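Note that the numbering runs from 1 along the sequence shown for the chain. The structure presented is a predicted model; accordingly, all values stated were derived computationally and were not measured.
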Amino acid sequence: MRKLLSALLCVFLAVSVSLGLSACGNKKDYISVYTPDGAPALALAKLMDEENSFGGKTEYNVVDPSLIAGFVTGENPKADLCVLPLNLASKLLGSGEKYKMLGTVTHGNLYILKKQGGEDITPENMSILKGKVVGVIQLANVPGLTFKAVLRGKGLEYSELGNNNSPDETKVNLKAVSPEQVAPSEKTCDYYVVPEPAASAKVNATKGALSFAGSLQNLYGADGGYPQAVLAAKSSLIENEPEFISRFITAVSESGEWLLSENTSAERVVNAVQKHLTDGLNPSFTAKNLSKDVIKNCAVKFVDSKDCKNEVNAFLNELIAVNPSFASAVSDGFFYVGNQS
């Protein structure tokens, strides 16, 4: 009998150890976090400032925005967590199989600038843009597509103005411009669509010859702007480390208030981001151009996936209506709904 009990105990211990090792095997030695430089990186600045490693196993990487897709694609993507534009997330991760969206982290940083004598643009008077020429930085990308979605939502037709075209008096005329072309002396454009921090830098550099005329966040019409950048996590990480995911979400949700605190200097924010920049990348923000107004204009705020699902779907539908190749509809599985266990 004693031998039987001893044998059973050995089997029990062996199974217990096996299960324990199996559970530990699902845990990652370290967790990699990637974000594009610019406004999206501000959403993680507090975590990077504190070097919040969540037990010594989390590392942060701030990368060239044009390269962010490469960290969530392929057979074994490098990013365990990643901040990326909503439209890109919808196209690459929309099935919810490999990654799920934890929430939105920024809600628009695009502004309209006017020349001296120009009128402010509000949701009520947007029709005054008919016949005007609006220069848009990155017309073919997020700024241009977002502006087109806003115009479409207001029932305004638009056309893209080439070098040899005359403005159409019945439409809003859009022209692709470089940052250098956003200037009071530029003769073609009446208004400009410019992202922060470049918008504030232009206003300050021109000493008021260019000034703020409106924001696309306000013109879009929804409370809190529109969903611009989102935080996604590997589905396997969510399944294996739900406690870590919960703690990470809590930490990110504190970033917006921390950024705007008078106790958080621009130097501190910039240093936090710069310490995690990939080699050779010039930072978007400096202590000189990162004022509290600029931070406020970047609309950094974490909104949980389950609370922003409807607005995310609505905005994606509007982007798809403008350009079906720019964004995709997403499945319900794309949205993280919390620990179901």
Side-chain angles (χ1 to χ4, degrees), residues 33-49 60 62-65 68 82-89 103-113 136-138 141-143 145-147 150 179 182 192-204 211-220 222-231 251-274 276-277 281-303 308 311-312 315:
V33 184
Y34 285 82
T35 178
D37 189 27
L42 295 180
L44 301 181
K46 182 176 187 290
L47 284 70
M48 292 188 283
D49 171 72
Y60 300 92
V62 182
V63 302
D64 187 324
I68 195 65
C82 189
V83 177
L84 67 169
L86 171 60
N87 71 293
L88 190 60
T104 50
V105 294
T106 66
H107 303 267
N109 68 330
L110 297 170
Y111 291 82
I112 298 179
L113 301 185
V136 183
I137 293 178
Q138 296 188 49
N141 295 310
V142 171
L145 273 292
T146 302
F147 189 41
V150 170
V182 179
Y192 301 95
V193 172
V194 185
E196 284 286 27
S200 289
K202 287 291 182 180
V203 171
N204 294 334
S211 60
F212 285 98
S215 80
L216 267 61
Q217 296 69 247
N218 182 44
L219 298 176
Y220 180 66
D223 290 339
Y226 51 86
Q228 187 172 34
V230 303
L231 173 64
V252 175
S253 67
E254 297 170 352
S255 287
E257 185 176 345
W258 178 83
L259 287 166
L260 292 173
S261 170
E262 292 302 321
N263 295 323
T264 306
S265 67
E267 289 81 5
R268 185 174 176 181
V269 176
V270 168
N271 289 339
V273 174
Q274 287 186 345
H276 298 88
L277 281 173
L281 181 61
N282 293 320
S284 298
F285 294 112
T286 66
K288 185 177 180 180
N289 69 15
L290 191 65
S291 66
K292 292 299 181 187
D293 284 339
V294 168
I295 292 174
K296 185 177 180 180
N297 288 349
C298 288
V300 177
K301 179 183 178 182
F302 180 83
V303 179
C308 64
E311 68 179 87
V312 164
F315 190 58

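Of the possible donor and acceptor atoms, one in the side chain of K292 sits under 3.5 Å from a partner among the backbone N and O of S261. Side-chain atoms of N109 do not come within 3.5 Å of backbone N or O of V300 as any donor-acceptor pair. No side-chain donor-acceptor contact under 3.5 Å links D49 to the backbone of A45. In terms of modelled atom types and a separation under 3.5 Å, the side chain of Q217 and the main chain of G224 share no donor-acceptor contact. At least one donor-acceptor pair closer than 3.5 Å links the side chain of T264 to the backbone N or O of W258. Panel note: side chain K202, backbone P179; a donor-acceptor pair is recorded below 3.5 Å. The closest donor-acceptor contact from the side chain of N218 to the backbone of S215 lies at 3.5 Å or more, if one exists at all. Distance alone, capped at 3.5 Å, is enough to place a donor-acceptor pair between the Y111 side chain and the N297 backbone. A donor-acceptor pair under 3.5 Å is absent between the side-chain atoms of S255 and the main chain of L44, judged by distance alone. In this structure, the side chain of T106 engages the main chain of A229 through a donor-acceptor pair within 3.5 Å.
When all heavy atoms of S200 and E196 are compared, the closest pair comes out as OG-OE2, 2.7 Å. In terms of heavy atoms, V105 sits closest to V83 at CG2-CG1, 3.8 Å. Of all non-hydrogen atoms in A287 and V270, the two that sit nearest each other are N-CG2, 3.6 Å. Of all heavy-atom pairs between C298 and F285, the closest is SG-CZ, 4.1 Å. For the residue pair V273 and M48, the shortest heavy atom distance occurs at CG2-CE, 4.0 Å. The minimum heavy-atom distance between A199 and V194, with the atom names listed, is N-CG1, 3.5 Å.
Counting heavy atoms from C-beta on, the side chains of T35 and P40 come closer than 4.5 Å. The shortest distance between side-chain heavy atoms of L145 and N87 does not fall below 4.5 Å. Annotation: side chain of N289 is not in contact with side chain of V294 (no heavy-atom distance under 4.5 Å). Two residues are said to be in side-chain contact when any heavy atoms from C-beta on lie closer than 4.5 Å; F147 and L216 meet this criterion.
Rounding to the nearest 0.5 Å places OG of S211 at 12.0 Å from CD1 of I112. How far CG of L219 is from CG of L110: 10.5 Å, rounded to the nearest 0.5 Å. Rounded to the nearest 0.5 Å, atoms CG (N271) and CZ (R268) are 10.5 Å apart. Rounding to the nearest 0.5 Å gives a distance of 5.0 Å between OH of Y226 and OG1 of T146. To the nearest 0.5 angstrom, L260 atom CG is 12.0 Å from N263 atom CG. Here Y220 contributes atom OH and Q228 contributes atom CD; the two are 12.5 Å apart, rounded to the nearest 0.5 Å.
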Query raised in the report: For I68 and Y34, what are the C-alpha separation, side-chain angles and deciding distance, and is it a side-chain contact (heavy atoms from CB on, under 4.5 Å)?
Result: CA-CA 8 Å; I68 195 65; Y34 285 82; 4.2 Å; yes
Query raised in the report: Could you go step by step and tell me if L86 and T104 meet the side-chain contact (heavy atoms from CB on, under 4.5 Å) rule?
Result: CA-CA 8 Å; L86 171 60; T104 50; 5.9 Å; no
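Y60 meets the ring-ring contact (aromatic ring centres under 6.0 Å, His included) test with H276; sequence neighbours excluded.
A 6.0 Å sphere centred on CD of E254 holds more than 12 heavy atoms belonging to other residues, nucleotides or ligands.
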